[in-house]
Amino acid sequence: MADTLTVKDNRTGKEYELAITDGTIQASALREIKVDDDDFGLMAYDPAYKNTASCRSAITLIDGDKGILRYRGYPIEQLAEHSTFLEVAYLLLWGELPTKSEFDGWVDQITHHTYVHQYLIHGMEGFKWDAHAMGKLVSLLGTLSTFYEDSKNVRDPAVRREHIIKIIAKMPTIAAWCFRHMQGRPYIYPDNGLSYVGNFMNMLFRMAEPKFEPSPAIEKALDVLFILHADHEQNCSASAARAVGSAETDPYCSLAAASAALYGPLHGGANEAVLRMLREIGSLGNIPGFIEGVKNRERRLMGFGHRVYKNYDPRARIIKQLAHDVFAETGKNPLLDIALELEKIALDDEFFVERRLYPNVDFYSGLIYQSIGFPVEFFPVLFAIPRAAGWLAQWQEMLMDPEQKIARPRQVYIGEGERAYVPMDKR
Ligand SMILES: CC(=O)SCCNC(=O)CCNC(=O)[C@H](O)C(C)(C)COP(=O)(O)OP(=O)(O)OC[C@H]1O[C@@H](n2cnc3c(N)ncnc32)[C@H](O)[C@@H]1OP(=O)(O)O
Ligand SMILES: O=C([O-])CC(=O)C(=O)O
């Protein structure tokens, strides 16, 4: 049932009637009132786009009040239980679950693009050994664009598909080499006889012959984490990929921009920040003092809160459960008890309840990564690898949308009016 809303353009005095269904102003109504370039009358001021839909999308649905997440209509719980990361990547990018032959073809294509140009190593060698892995990833993704001039032809669907495959295939190789560089160990080349995650882990952890073989439970856990991180509609990094890509920038540079956004501690860098926070708290006895500091706004409880979820993040629930499966193999992470107690206290405290702050995807993931053997600086990279599938799906959808134009928000100018230049000796 549609409601209507009347808005007035104060500049022209014109009135418009908008149809609202389920709290959303319909796109068709918005089209009717679309302003032309010279008409500033209907500009909305919405800092941080809290209430602005920047696009139409058919990829991912979040119902933040109910704590629901679906990729292309499939609930995240079902995908985590039954699917694999490469199948989910296919679903996000091409809209449907693949048939057996489509899937085999997809895996075959990904598998045959895992190698990166040898010269990329020169770029890697330019970094300090202890440079943050995310800084390296951002730079190397941008560098890759210089190897693929043809990727600039973003309006060609065949070119887009080729580079989507290349990026998904090469992300684990670049990430693993960032890790080896950090550790001062020789780079390991891809082994295309292994699974996506198996190959990644071999490139990370192999010491000498024979190849590194993760336990099936650990390999599965990392694959499930990849599924859970693959997309999340118009988050900060996906919006960066769309905005940069809307200038018809190539996909490598668009994803470098997305990775840079993900790096921040309020976004994908929160998984690293959570682990540092848990270490700093150090013991159960320090939790009440820490929580007081949060309530006094001295700091944030990292891994809590979300722009869209005002209920428990469904991924956090799955990851919390997954942690137990991993700890059965690796031994319990000693920081788990601090995380559980923080959650218990926060979910019972008026400050967090009033603001509807719940654990997000980053709250428990780092405990798993640490137990598998990753250093904290590498956690955001583990987020970026699967999120590349979502970024590419969002980037591709943006380019295919006939309504899409270059992303270019307006502003409300609050600076000085016109004034005359004052020579320096008169100031
Ligand atoms: C993959 C992801 O990106 S998931 C998010 C990962 N980021 C984090 O875990 C970092 C911690 N969380 C946060 O900083 C925020 O919750 C964000 C950035 C995720 C969302 O921010 P916004 O939607 O802009 O919410 P905003 O910052 O306006 O917070 C609303 C209120 O809750 C409080 N709040 C939000 N998150 C937290 C938190 N983690 N700890 C303490 N207080 C918080 C704010 O202080 C604010 O309170 P106020 O209204 O009294 O001023
Ligand atoms: O959606 C967001 O704002 C943050 C994000 O990427 C996620 O939670 O996975």
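Counting starts at 1 for both ligands and their atoms, following the listed order. Here the structure is a predicted model, which is why all the values come from computation and not from measurement. In what follows, every heavy atom counts, from backbone to side chain, and hydrogens, waters and symmetry copies are set aside.
If you check which protein heavy atom lies closest to atom 13 (C) of ligand 1, you get R300 NH1, 3.2 Å. Closest to atom 28 (O) of ligand 1, if we only count protein heavy atoms, is K50 NZ, 3.7 Å. Among all protein heavy atoms, the one lying closest to atom 32 (O) of ligand 1 is R355 CD, 3.4 Å. Of the protein's non-hydrogen atoms, H267 ND1, 2.8 Å is the one closest to atom 3 (O) of ligand 1. Of the protein's non-hydrogen atoms, L357 CD1, 3.5 Å is the one closest to atom 43 (C) of ligand 1. Atom 11 (C) of ligand 1 has F304 O, 3.3 Å as its closest protein atom, hydrogens excluded (heavy atom only). Of the protein's non-hydrogen atoms, the one nearest atom 19 (C) of ligand 1 is G305 O, 3.7 Å. What sits closest to atom 1 (O) of ligand 2 on the protein, heavy atoms only, is H232 ND1, 2.7 Å. Of all protein heavy atoms, the one closest to atom 10 (C) of ligand 1 is M302 CE, 3.6 Å.
Salt bridge R56/E397: absent, no basic N to carboxylate O contact under 4.0 Å. Taking the charged nitrogens against the carboxylate oxygens, R206 and D191 have no contact shorter than 4.0 Å, which rules out a salt bridge. The pair K152-D250 meets the salt-bridge criterion, since a charged nitrogen lies less than 4.0 angstrom from a carboxylate oxygen. Ion pairing between E233 and R70 fails under the 4.0 Å rule for side-chain N and carboxylate O.
Within 4.0 Å of atom 30 (C) of ligand 1, not a single protein heavy atom is present. Within the 4.0 angstrom cut-off, atom 25 (O) of ligand 1 has no protein heavy-atom neighbours.
Those atoms of ligand 1 that come under 4.0 Å of a heavy atom in A270, given as number and element, are 6 (C), 7 (N), 8 (C), 9 (O). Counting atoms of ligand 2 from 1 in the listed order, those under 4.0 Å from a heavy atom of H267 are 4 (C), 5 (C), 6 (O). Here is the list of ligand 1 atoms found below 4.0 Å of a heavy atom in R307: 20 (C), 22 (P), 23 (O), 24 (O). Contact atoms of ligand 1 toward G303: 8 (C), 9 (O) (distance under 4.0 Å to a heavy atom of the residue). Residue R297 has at least one heavy-atom neighbour below 4.0 Å for each of these atoms of ligand 1: 45 (O), 47 (O), 48 (P), 50 (O), 51 (O). Shown in contact with D362 at under 4.0 Å from a heavy atom are these atoms of ligand 1, numbered in order with element: 1 (C), 2 (C), 4 (S), 6 (C). Per-residue contacts place F383 under 4.0 angstrom from the following atoms of ligand 1 (heavy atoms of the residue considered): 1 (C). Residue V294 approaches ligand 1 through these ligand atoms, each under 4.0 Å from one of its heavy atoms: 41 (C). Counting the atoms of ligand 1 from 1 in the order shown, those under 4.0 Å from a heavy atom of L301 are 38 (C), 39 (N), 40 (N), 41 (C).
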Distance-only donor-acceptor pairs under 3.5 Å for side chains of residues 81-96, two or more places apart:
{"unit_1": "S83", "atom_1": "OG", "unit_2": "E87", "atom_2": "OE1", "d": "2.5"}
{"unit_1": "T84", "atom_1": "OG1", "unit_2": "E87", "atom_2": "N", "d": "3.3"}

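For L266, heavy-atom contacts with ligand 1 shorter than 4.0 Å involve the backbone as well as the side chain. Counting heavy atoms under 4.0 Å from ligand 1, residue F363 does not touch it at all.
The closest side-chain donor-acceptor pair between T52 and D46 falls under 3.5 angstrom. No side-chain donor from either of Y49 and Q234 sits under 3.5 Å from a side-chain acceptor of the other. Side-chain contact, S237 with W391: a donor N or O sits under 3.5 Å from an acceptor N or O. Between the side chains of S195 and E219, at least one donor N or O lies within less than 3.5 Å of an accepting N or O. Checking Q404 against S246 by side-chain atom types alone, no donor-acceptor pair falls below 3.5 Å.
Considering only heavy atoms from C-beta on, M302 stays 4.5 Å or farther from D362 through its side chain. Contact check for F212 versus I188: no side-chain heavy atoms found under the 4.5 Å cut-off. Residues L144 and H117 have side chains not in contact (no heavy-atom distance under 4.5 Å, counting atoms from C-beta outward).
Taking the six-membered ring where tryptophan is involved, the planes of Y148 and Y252 are essentially parallel, since the angle between them stays under 30° and well short of 60°. Ring pair H232/Y309 is tilted by interplanar angle, where 30° to 60° counts as tilted.
Distances shorter than 4.0 angstrom occur between a heavy atom of R387 and an atom of ligand 2.
Annotation: R315 places an N or O atom under 3.5 Å from an N or O atom of ligand 2; distance criterion only. Checking only distances, H306 does come within under 3.5 Å of ligand 2, N or O to N or O.
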